[in-house]
Amino acid sequence: VGDLSKRLNLPYTNDEIGNLAQTFDMMIEKLENSFKRQKQFTHDASHELRTPIAVIQTQAESALNGTGTKEEYKKALQVILEEAKHMSKLVHDLLFLARSDSNAEKLTIENLNFSELIEGIVNELAPLAENNGLTLKIIKNDSSYIRGDQTRIIQLFYNLIDNAIKYTPAGGKVEISVENSGKFIKTSIKDTGIGIPEEHLPHIFERFYRVDKARTRKSGGSGLGLSICQWIINAHGGKIQVESCEGKGTTFVVWLPTLKK
Ligand code: ADP
């Protein structure tokens, strides 16, 4: 900077100008990164939406151009319905993330009976586990309370347990255990499923990240579930960890602050 402050007759020392320039550089870098992330997000979102739209279009066209049997129409309509459901979930998740990015997603915090809540989710998912030939089990005591947003807490555990069921082949086991460790409620969701290869583990909470794109798309996954879970946990002052062994299974552990008495 030399004697820049003198030449420009500025009321700052060179040190101060240097610090200011550094802060400015840091701010610009942050802004640039944020623009880059936003651009990537828009790009990925459009890409994800393009696939179901293309499938719907192809199915509708082939039904219209086909021989017109009832079976043909029915099959095409089934595929169209599945893709429409997939798109609807995707748009719902995208809107949630857009709202959370712009701080428009507000939590309604209240006292929640966590034991009751988690049992409700497990009961709701029990038929799915049964259909997939899995044992779904919950271990808990009856008195765990947290302060949280009921809708978001349900969304969080629904996502994690749904994933555990989705990525565990028939004959496997999904076990949920709830422990009260004073300041935190620790919930483990343990499955005996396909596992996550080590090199993928650091990325699974990133938006749109999927270990096996083809496989997860078939099961209706968009790769947004875990990034939404991460947001909900952060917003509640909690923490999530994952341990996995390829071919053996995965355990997600969630810590949520307990109700202060
Ligand atoms: P998706 O909608 O694709 O399931 P998520 O964000 O919920 O997206 O998960 C990201 C990826 O992490 C999944 O595509 C899957 O590859 C992997 N994953 C998540 N949970 C499990 C699990 N319990 N067992 C194995 N893989 C999992």
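Counting convention: from 1, in listed order, for ligands and their atoms alike.
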Next item on the list: Considering only Ile, Leu, Val, Met, Phe, Trp and Tyr, and joining two whenever side-chain heavy atoms are under 4.5 Å apart, list the other residues clustered with I28.
Entry: F24

Margin query: Check for me whether G193 has a heavy atom closer than 4.0 Å to any atom of ligand 1.
Written below: no

Item checked: S100 and W231: CA distance, side-chain angles, deciding distance, side chain to side chain contact (heavy atoms under 4.5 Å, CB included) verdict -> CA-CA 8 Å; S100 61; W231 185 89; 3.3 Å; yes

Notebook entry, point to check: Can an N or O of D212 be found at a distance shorter than 3.5 Å from an N or O of ligand 1?
Noted result: no

Notebook entry, point to check: Can a donor-acceptor pair be found between the side chains of N65 and E61 at a distance below 3.5 Å?
Noted result: no

Next item on the list: May I ask you to identify, for F205, whether its side chain, its backbone, both or neither come under 4.0 Å of ligand 1 on a heavy-atom basis?
Entry: neither

Note to self: Within ligand 1, which atoms have a heavy atom of F252 less than 4.0 Å away?
What the structure shows: 20 (N), 23 (N)

Item checked: K166: numbered ligand 1 atoms lying under 4.0 Å from its heavy atoms -> 2 (O), 4 (O)

Next item on the list: Mark up the atoms of ligand 1 that fall under 4.0 Å of a heavy atom belonging to V211, in ascending order.
Entry: 14 (O), 16 (O)

Notebook entry, point to check: Is it the side chain, the backbone, both or neither of L226 that has a heavy atom closer than 4.0 Å to ligand 1?
Noted result: both

Note to self: Counting neighbours of CD on E130 that are heavy atoms of other residues, nucleotides or ligands and sit closer than 6.0 Å, is the number greater than 12?
What the structure shows: no

Check: Going by the atom numbers of ligand 1, which of them fall below 4.0 Å from some non-hydrogen atom of R210?
Finding: 3 (O), 14 (O)

Note to self: In terms of relative ring orientation, are F157 and F114 parallel, tilted or perpendicular, with 30° and 60° separating the classes?
What the structure shows: perpendicular

Note to self: Heavy atoms only, cut-off 4.0 Å: how does H200 contact ligand 1, side chain, backbone, both, or neither?
What the structure shows: neither

Notebook entry, point to check: Under 4.0 Å from ligand 1, counting heavy atoms only, is it the side chain of N159, its backbone, both or neither?
Noted result: neither

Notebook entry, point to check: Which of the atoms of ligand 1 are close to I196, meaning less than 4.0 Å from one of its heavy atoms?
Noted result: 18 (N), 25 (C), 26 (N), 27 (C)

Notebook entry, point to check: In chain order, what residues pass the side-chain hydrogen bond (donor to acceptor under 3.5 Å, both in side chains) check against H203, with sequence neighbours excluded?
Noted result: E206

Notebook entry, point to check: Under 6.0 Å from the CD atom of E71, do we count more than 12 heavy atoms belonging to anything else shown?
Noted result: no

Next item on the list: Can you establish whether the number of heavy atoms outside E16 located under 6.0 Å from its atom CD is more than 12?
Entry: yes

Note to self: Under 4.0 Å from a heavy atom of G195: which atoms of ligand 1 are those, numbered in the order shown and with their elements?
What the structure shows: 25 (C)

Item checked: Option whose closest heavy atom lies nearest to atom 1 (P) of ligand 1, chosen from G225, A164, G223 -> G223

